[in-house]
Each structure stands twice: as C-alpha cells, then as structure tokens.
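One structure is given here, and the rest of the page talks about it.
All values below come from the heavy atoms of this structure, side chains included, with hydrogens, waters and symmetry mates left out. What you are looking at is a predicted structure, and each value in this text was computed from that prediction instead of being measured. Convention: sequence-line order gives letters A, B, ...; per-chain numbering from 1.
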Amino acid sequence: MRDAFCRLMVEAARRPEFVFLTGDLGFMALEPLRDALGPRFINAGVAEQNMVSVAAGLARSGLRPWVYSIAPFVYARPFEQVRNDVCLHHLPVVLVGNGGGYGYGVMGATHHALEDYGTLLGLPGLRAFVPAFDEDLAPLFGRLFEADHPSYVRLGLSEKPAGAEVPPFGPWRRLLDGPGWVILAAGPLAGGIWDAARTLDDAHRPALWLLGELPLDELPPAFLADLDRSRRLLVVEEHVGHGGVAEMVAATLLKGGRAPARFEARTALGYPSGRYGSQRFHRRESGLDPASIVAFLRSEDVP
Amino acid sequence: MPEPPSEPWADRQRRARLRLLRMHYESRVGHIGGNLSCLDLLLVLHQEVMGPDDRFVLSKGHAAGALYVTLWSLGRLSDEELATFHKDGTRLSGHPGAGAIEDVLFATGSLGHGLGLASGLALAKRLKGEPGRVYCVTSDGEWDEGSCWETLIFARHHRLDNLTFLVDLNGLQGFGTTREVADLGPIADKFRAFSVPTVEVDGHSREEILGALRPNDEAGPHAIVARTRKGGGVSFMEGRMEWHYLALSEEQYLRAVGEVERA
C-alpha cells in the first residue's frame with residue numbers, strides 16, 4: 001500500500017494547502033514527494049510530539065497537514081498532542097500510521113499497532129480509516145482533503161485475491177455472499193479471508209463484510225439482513241479486543257435490540273508464545289490467519 | 001504595532017494587577033503567583049507590541065487569569081465576563097479552553113505544547129507568505145518537558161525568524177524551586193547552546209521587555225528569558241511556593257490590594 005500512498009501524495013502536491021510532515025521516515029520511498037512539495041515537505045525529525053503540535057498550528061492557520069510515521073509513533077508517542085492540540089480543536093489533521101496491526105512483523109512489539117483505533121476513537125471528532133486494498137486510497141484521500149475533522153489512516157499491505165473485483169471504498173462493503181456465518185473484518189486481513197472463504201462449499205461459505213471506517217455509524221440494512229438470516233456473527237480484526245470493532249458492533253447491535261445467536265470475536269492477542277515473527281506468524285498466533293478462520297467455519301455444523 | 005496606550009505604564013500595570021487579584025479573590029482560585037509573574041510580559045506584548053497580524057500562544061496555561069485580564073485591558077473581555085471566571089458555565093476556565101474565546105487559539109494547560117503550536121503557526125505564516133509574528137510565553141518549570149526541547153531543535157533548524165518565545169523565569173514550580181526539582185542551570189545558556197539568540201531581561205520592567213521585543217535581524221527563533229517574581233507586586237507572595245496554589249483570604253486580598261495601590 002505504501003507505493004500507492006506515495007504516488008497519491010505526489011499527485012496531491014498540486015494542492016497549495018497540503019503540507020506533509022514525516023517523523024524521519026520515507027527513505028527510498030518519499031523522495032519524489034519531497035521533491036514535489038519543496039518547503040511543504042517537512043522532515044520533523046525523530047520528535048513526534050513536536051511534529052503533531054506543529055501540524056495543529058499549521059491546520060489552525062488553514063493548511064492541510066498530513067503527519068506520517070510508523071503507526072505507534074503517530075498515535076501512541078504523541079497521544080496527548082493528538083488529544084489536546086488536534087482533537088480538542090477539531091482540526092483537520094490527517095495522521096497516517098504505516099504498518100497497522102502486526103504490519104512491522106519481526107521488527108518487534110514496539111513497532112506494532114494493536115490498539116490504535118481503539119485508543120484514538122475515544123477522542124472527540126476523530127475518524128479512523130482502515131483501507132484494505134490499494135484501490136481504496138484514492139477515493140479515501142480525496143475525501144480526507146475535504147474533511148472537517150481529525151483523521152487517522154491505518155496503512156497496511158493490500159492482500160487482494162487474484163482476479164477479485166474490489167467494490168469501491170466505503171465504510172461497509174460486502175466482499176462475498178454466502179449462507180453461512182456473517183464475518184465482519186476490518187482492514188487488509190480481509191483480503192486473505194476473502195481468498196480462502198470463496199472456495200468453501202456452499203453451506204459453509206460466509207457472507208464476508210469489510211469495515212473501512214470507524215466509529216460505526218448506522219449498521220447498513222443489507223448487513224442486518226444477512227445477520228437476521230445467519231444469526232451468527234464472527235468479527236475479525238488485527239487489533240486488541242478492548243475498544244475494537246467486536247465491542248463496538250456488539251454494543252450497536254444490542255442497542256438496536258438485536259442479539260445474534262452466536263457471536264465470536266477474533267482479535268489480536270499480543271504475543272501469546274513470547275516469540276516474534278512475520279505479520280503472518282503473529283496473525284496465526286492470534287487465530288487471525290485465513291487458515292484458522294476457514295478451519296473454524298468448516299468445523300461448524302451447518303444448521 | 002498597536003496604537004501606543006495613552007495611560008501611563010504604572011497605571012496600566014496597577015489596574016491589571018488589581019483586576020487580576022479581584023478576579024482570583026472573587027472566584028476563590030489559586031495559581032495567582034504564576035499569573036502575577038507573567039502579567040507584565042502579557043501586558044507589554046498585547047498592549048504595545050502585537051498588531052493584528054500577530055498571534056499569541058500562552059503555553060503556561062495556568063496563567064489563564066493573566067491572559068484574561070490582559071484581554072480585558074484591551075476591551076476584548078468585559079467585567080461581567082471576568083466575573084464568571086472559574087464558575088459553572090463560564091467561557092473562562094482555569095486553563096484556557098478550546099474554542100471558548102476568539103483570542104485564544106489553543107487550549108493549553110498541559111505543559112510543553114504551546115511552543116510547538118506556536119511553531120506551527122509561525123511555519124504556516126512562512127509557507128503562506130503572511131506577515132506578522134508569533135509570540136509564545138512558557139513557564140520555566142515547563143522546560144522539564146522533553147517536548148519543549150523537541151520544539152527548540154525544530155524551530156531553530158527551520159530558522160523560524162517570525163517566532164519569539166518568552167520564558168517566565170520565576171524560579172518556582174509545582175513542588176519546589178526549579179533549582180531543587182530539576183536544575184537546568186542558566187536556561188539562557190542552554191538556548192544559546194542551541195544557537196537561539198537569547199536576551200535576558202527583568203520581566204517586570206516595561207522598558208527592558210520592550211527593548212528585547214524590538215525587531216532584530218538575527219536568525220530566529222528569538223528567546224527572551226524574563227527574570228520574574230512569583231507573585232510579583234505583592235510582597236508577601238513573592239517567591240513563595242504556596243501562591244502557586246492557594247486562594248486568597250479576605251485579609252490577604254485586602255493587604256495585597258493595599259500594597260498594589262500604594263506601589
């Protein structure tokens with residue numbers, strides 16, 4: 001997703017109000033953007049608290065700052081600057097965190113972002129976006145340049161199945177139709193689940209929904225119709241359970257007087273074995289990988 | 001630059017000190033010491049230096065009272081509004097709130113944010129080719145915060161010539177003197193070590209403050225270290241820890257008023 005991100009940022013350089021701040025990241029990637037933006041490209045150094053405060057000052061002056069770093073250095077390190085300087089003033093700063101979830105793999109726990117949107121969504125007015133495919137970025141970014149609120153974008157690796165047609169980016173998308181469980185997935189891991197689940201037999205094939213924007217607004221009627229039919233909901237997210245999509249959707253369903261007969265949540269469990277590895281390794285340890293999901297679906301008796 | 005005020009400085013200073021004391025007394029609010037220490041800086045800046053293109057950030061948000069009284073002295077806040085200070089439903093919270101009044105660009109109160117915000121405003125002016133300067137007042141204890149030093153590096157690296165920050169060097173912080181808590185030694189030397197042009201002044205001398213704020217050609221940002229007295233202008237408060245927190249009793253209030261009136 002990073003290449004698509006860089007290309008779109010270069011295209012956005014024609015917007016005179018656009019300012020890009022990086023926390024010393026972008027070697028072998030952002031050089032074209034640096035050249036295109038000139039003085040509006042700012043390497044703020046390894047100093048994320050200042051970077052976010054500066055971005056707030058820029059936004060307060062009518063500019064459109066985007067703040068970029070590895071995800072935890074965008075939301076965790078400068079959390080109070082995001083809260084006080086950006087969100088209290090409803091400033092349209094765009095925080096871009098690269099490597100959502102276990103994206104930085106064997107680089108280790110400090111570089112993972114397992115509680116990013118759950119943490120940030122407690123802040124006033126902020127919206128979090130979790131694009132899943134490269135194609136999602138162009139429509140999303142067009143919208144973010146017009147937004148009147150703070151935004152957080154969690155970037156990951158696009159995992160589009162071969163030959164699949166991706167529906168246009170939106171908060172809710174149904175990737176796969178099926179009579180089995182309803183799966184609600186957030187972010188790029190939906191791609192692998194989509195690929196594995198589409199080969200399942202008719203009876204076990206799930207209705208796979210992809211969530212791209214948080215917090216949840218209204219649950220779409222088509223999703224509710226799928227749920228009314230299936231009565232079984234599985235939420236899958238590369239994020240800790242606390243403050244995650246599973247909790248949000250459960251609360252929303254209960255408030256609306258709907259309780260599925262079965263409710264399962266697969267969330268990031270941290271580091272259960274104490275060992276480190278690739279993003280795939282960590283997903284597997286948390287049961288978030290396509291094989292685990294498909295095994296679960298297969299193991300369920302068809303009602 | 002604004003129109004020079006017709007009222008003599010001593011009268012303006014006295015009026016503002018009295019109004020600040022009254023506001024804090026009536027609202028039963030502490031933090032008076034650190035408000036009195038920076039009041040003269042805020043008055044000189046707002047009354048005699050800042051023009052319509054200039055911007056201000058109060059990084060030491062606990063001196064909100066001094067800022068409100070300064071805005072009152074300019075006719076931008078009314079007596080009735082000051083009477084609501086710290087009360088339910090007020091726009092004038094103990095630390096400046098977000099979007100509460102037009103003259104306050106940012107909610108501050110958590111230390112170590114204001115200078116970064118001011119740097120963003122200054123950088124925006126440069127990128128947009130806009131005139132005017134950005135002024136920021138920090139406390140001295142605030143320089144315990146690592147984010148201040150992040151910003152110092154940034155502001156100097158980007159040569160933010162249109163940024164001036166003033167340090168209210170009253171020597172006292174939350175639970176001790178700055179020397180006892182985390183001794184930075186002479187802070188002006190630290191700024192100079194970062195190649196930031198730094199002037200040291202008596203923070204209760206209008207002439208020295210004005211002199212330090214006069215435009216110069218040195219590469220920015222510009223630092224002014226203002227030696228002040230916590231509780232400046234009220235002898236029994238000066239340099240005393242408790243006035244970081246305590247509200248005034250009636251007897252103390254009347255004594256303070258008497259001193260300021262006689263000064």
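- Remark: the A/Glu80 side chain and the B/His113 side chain contain an N/O donor-acceptor pair separated by less than 3.5 Å.
- Atom CG of A/Leu157 is surrounded by 12 or fewer heavy atoms from other residues, nucleotides or ligands within 6.0 Å.
- When A/Glu17, A/Gln49, A/His89 are compared by the number of non-hydrogen pairs under 4.5 Å with chain B, A/His89 comes out ahead.
- Of all heavy-atom pairs spanning B/Ser119 and A/Val54, the tightest one is CB-CG2, 4.1 Å.
- Interface residue B/His158: only side-chain heavy atoms are found under 4.5 Å from chain A.
- For A/Val52, no part lies under 4.5 angstrom from a heavy atom of chain B.
- The local environment of CG in B/Asp183 is crowded, with over 12 non-hydrogen atoms from other residues, nucleotides or ligands closer than 6.0 Å.
- Once rounded to the nearest 0.5 Å, the distance linking CG of A/Leu21 with CZ of B/Phe154 reads 6.5 Å.
- The candidate with the highest count of non-hydrogen atom pairs below 4.5 Å against chain A, out of B/Gly109, B/Gly97, B/Gly112, B/Ser110, is B/Ser110.
- Remark: the backbone N or O of A/Leu63 is not paired with any side-chain donor or acceptor of B/Lys128 at under 3.5 angstrom.
- Although no hydrogens or angles enter the test, the distance criterion places no donor-acceptor pair under 3.5 Å between the side chain of A/Arg60 and the main chain of B/Leu121.
- Of the listed residues (B/Leu123, B/Leu105, B/Leu115), the one with the most heavy-atom contacts under 4.5 Å to chain A is B/Leu105.
- Annotation: B/Arg179, atom CZ; neighbour count of heavy atoms from other residues, nucleotides and ligands within 6.0 Å does not exceed 12.
- By the neighbour-count criterion of 12 heavy atoms within 6.0 Å, atom CZ of A/Arg64 is densely surrounded, having more than that number from other residues, nucleotides or ligands.
- For B/Arg192, the CZ atom sits in a packed shell: over 12 heavy atoms of surrounding residues, nucleotides or ligands are nearer than 6.0 Å.
- Looking only at heavy-atom pairs under 4.5 Å with chain B, the residue among A/Gly57, A/Pro78, A/Ser61 that has the most is A/Gly57.
- Few gaps surround CD on A/Glu11; more than 12 heavy atoms of other groups in view lie less than 6.0 Å from it.
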From CA spacing to verdict: side-chain hydrogen bond (donor to acceptor under 3.5 Å, both in side chains), A/Asn50, B/Ser147: CA-CA 6 Å; A/Asn50 173 69; B/Ser147 52; over 6 Å; no
Evaluate side chain to side chain contact (heavy atoms under 4.5 Å, CB included) for B/Leu127 paired with A/Leu58, printing each intermediate quantity in order. CA-CA 9 Å; B/Leu127 292 175; A/Leu58 294 169; 4.3 Å; yes
